[in-house]
Amino acid sequence: MQYINGEWCHAASGETYPVYNPATGEVIEQIARGGKEEGNLAIEAAKNALPSWSKKTAKERAFYLKTVSEKLRERIDHLATIITTEMGKPIAEAKGEVNLAADYLEWYAEEGKRVYGDTIPSSSETKRIIVLRQPVGVVGAITPWNFPIAMLARKIAPALAAGCTVVLKPAESTPLTAIEVMKIFHEIGLPKGVLNLVHGEAAPIGDAMMERQEVRKITFTGSTKVGKELAAKAAATMKKISMELGGHAPFIIFEDADLEKAGEGVIASKFRNAGQTCICTNRIYVQKSMAERFSEILITKMEKLVVGNGLQPEVTIGPLINEAAIAKTEDHISDSIKKGAKVVYGGKKPAGELYEKGHFYEPTILLHATHEMKIATEETFGPVAPIFEFDTEEEALRLANDTSYGLAAYFYTKDVSRVFRMSERLQYGIIGINDPVPTTAQAPFGGIKESGVGREGGKYGLEEYLEYKFLSLELE
Ligand code: ADP
């Protein structure tokens, strides 16, 4: 169902489409296929709701965010089950994601109260300079399938806190979680039109958002390819944009690192969500002197990973989202083997009846990876860990920065001076230092280079939904 102007509705076309469970191949539900018409209706509703929503006090707006945050935590089991069923991640990870979404809502409920303006000393005795912060207007939010609840919370929460109204378009493959979240906002009486949900045909809905002048902000998380297209279209009406795009994270392990912890870190960073996050490790660089020892440690840890349906509590690696994801993973592995890499763990689809209908792939380690391989430059978005070797810090840095992406990078060391040398020179927006899971509600998440523009999270995330207004007053 679409949620427009506070009401649940079918698509005008009457069409529906199936949402699949990637672990079983079964259809979970047939849902309405919205398009441009629904997009336009939702934008109209958001536009009409804007004056009264933006006039409310931050405290009034915070009530809705705080209450939804509490309800997400109360209903964590139900929501996590929907997430796992529609996108496959293990249930424990799905619960972690619900908590993260609740964190964003809770945090912005508070931070919305701190939208401070400025007074600036004037150069003239008779002038006074004041700067107001005001909501940017109607927001078009487009979210991906790999975090069906956290990504929408991280956009909706700051947008609503700032006083903006929103049209949300979740990914085609994961609309069910978004529908559940809308139900909660509806249940607690969010004024109609403040938050609208349209799902179905991505491009026509996106076009409605891009073409309408009233939409003043586009916030997008997804592929670099689509992000660039949307940024170009947004330019026609000069919308503000936030683009959280692909990544190609290096994970560097220096010889002074705690190898056990680094091994745990690789498992957490590489295999979370079966390798399907934009900050997942893509390239593991190990200092030559201990490369062999490290791969032994890593293999021991990988033996504990369990592939299967994420609803089973013991499962740590769920299915990939679809067959195309499997094909890309296989392509990256075969290209690497052709160019000299060696599979020392995994490297195939798991066998057995349990796995026949889902899109499963074994967690895989490749040794002797080089920068000539596709895996070194293209995002795999699958459970493959290619290991590269390096001699010196300078070489590690050069290799790590050898990519058009700039989202997250990780390194493990105990040397404090190296921590600063590396952090200052790595060309990435997020650096995990002995930390494989840096994401948190109060910190700025986002990338540089072709990984995007803008930040989500923290006070920085709120800025994205605010404009400056400069008042210059001449005294009489
Ligand atoms: P992925 O490859 O991870 O699916 P995409 O960039 O294709 O990443 O998708 C991310 C989000 O962008 C999804 O919600 C998808 O529906 C949406 N999307 C894809 N193409 C378009 C488009 N042309 N206009 C607007 N949204 C789009």
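Read the numbers this way: they start at 1 and go in the same order the structure lists the ligands and their atoms.
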With no hydrogens and no angle check, do the side chains of His248 and Glu379 hold a donor and an acceptor under 3.5 Å apart?
-> no

Check each of Leu160, Val194, Leu197 against Phe185 using the side chain to side chain contact (heavy atoms under 4.5 Å, CB included) test, and report the only one that passes.
-> Leu160

Is Lys217 positioned over the aromatic face of Tyr465, cation under 6.0 angstrom from the ring centre and no more than 45 degrees off axis?
-> yes

With heavy atoms only and a cut-off of under 4.0 Å, state how Leu230 meets ligand 1: side chain, backbone, both or neither.
-> side chain

Modelled atom types, side-chain donor and acceptor of Thr440 and Gln442, under 3.5 Å | yes

Ser223 to ligand 1: N or O pair under 3.5 Å?
-> yes

Short check: is a protein heavy atom less than 4.0 Å from atom 9 (O) of ligand 1?
-> no

Honestly, for Phe220 the part within reach of ligand 1 (heavy atoms, under 4.0 Å) is side chain

Determine whether the side chain, the backbone, both or neither of Thr143 has a heavy atom under 4.0 Å from any heavy atom of ligand 1.
-> backbone

Atom 18 (N) of ligand 1: nearest protein contact (heavy atom, Å) = Ala202 CB, 3.7 Å

Considering distance alone, does some N or O of Trp145 sit under 3.5 Å from an N or O of ligand 1?
-> yes

Atom 21 (C) of ligand 1 has as its nearest protein heavy atom Val226 CG1, 3.7 Å

Ligand 1 to Thr221, heavy atom cutoff 4.0 Å, flagged ligand atoms 10 (C)

CZ of Phe147 to CD of Gln276, rounded to nearest 0.5 Å, is 9.5 Å

Contact with ligand 1 for Ile321, non-hydrogen, under 4.0 angstrom | no

If the plane angle is over 60° it's perpendicular, under 30° parallel, otherwise tilted; pick one for Tyr285 and Phe388.
-> tilted

Between Thr224 and Glu450, a side-chain donor and acceptor under 3.5 Å = no

Hey, which atoms in ligand 1 end up nearer than 4.0 Å to a heavy atom of Glu172?
-> 15 (C), 16 (O)

Who's closest to atom 22 (C) of ligand 1 heavy-atom-wise, of Gly227, Ala203, Gly206?
-> Ala203

Does atom NZ of Lys66 have more than 12 heavy-atom neighbours, drawn from other residues, nucleotides or ligands, at distances under 6.0 Å?
-> no

Polar proximity ligand 1 side, Lys233 side, N/O cut 3.5 Å exclusive = no

Are Arg133 and Tyr468 in a cation-pi setup, meaning NZ or CZ lies under 6.0 angstrom from the ring centre and within 45 degrees of the ring axis?
-> yes

Output the distance between atom CD (Glu362) and atom NZ (Lys348), rounded to the nearest 0.5 Å.
-> 3.5 Å

For atom 17 (C) of ligand 1, closest protein heavy-atom neighbour = Ile142 CG2, 3.7 Å

Atoms of ligand 1 close to Pro170 [distance to a heavy atom under 4.0 angstrom, numbered from 1] | 14 (O)

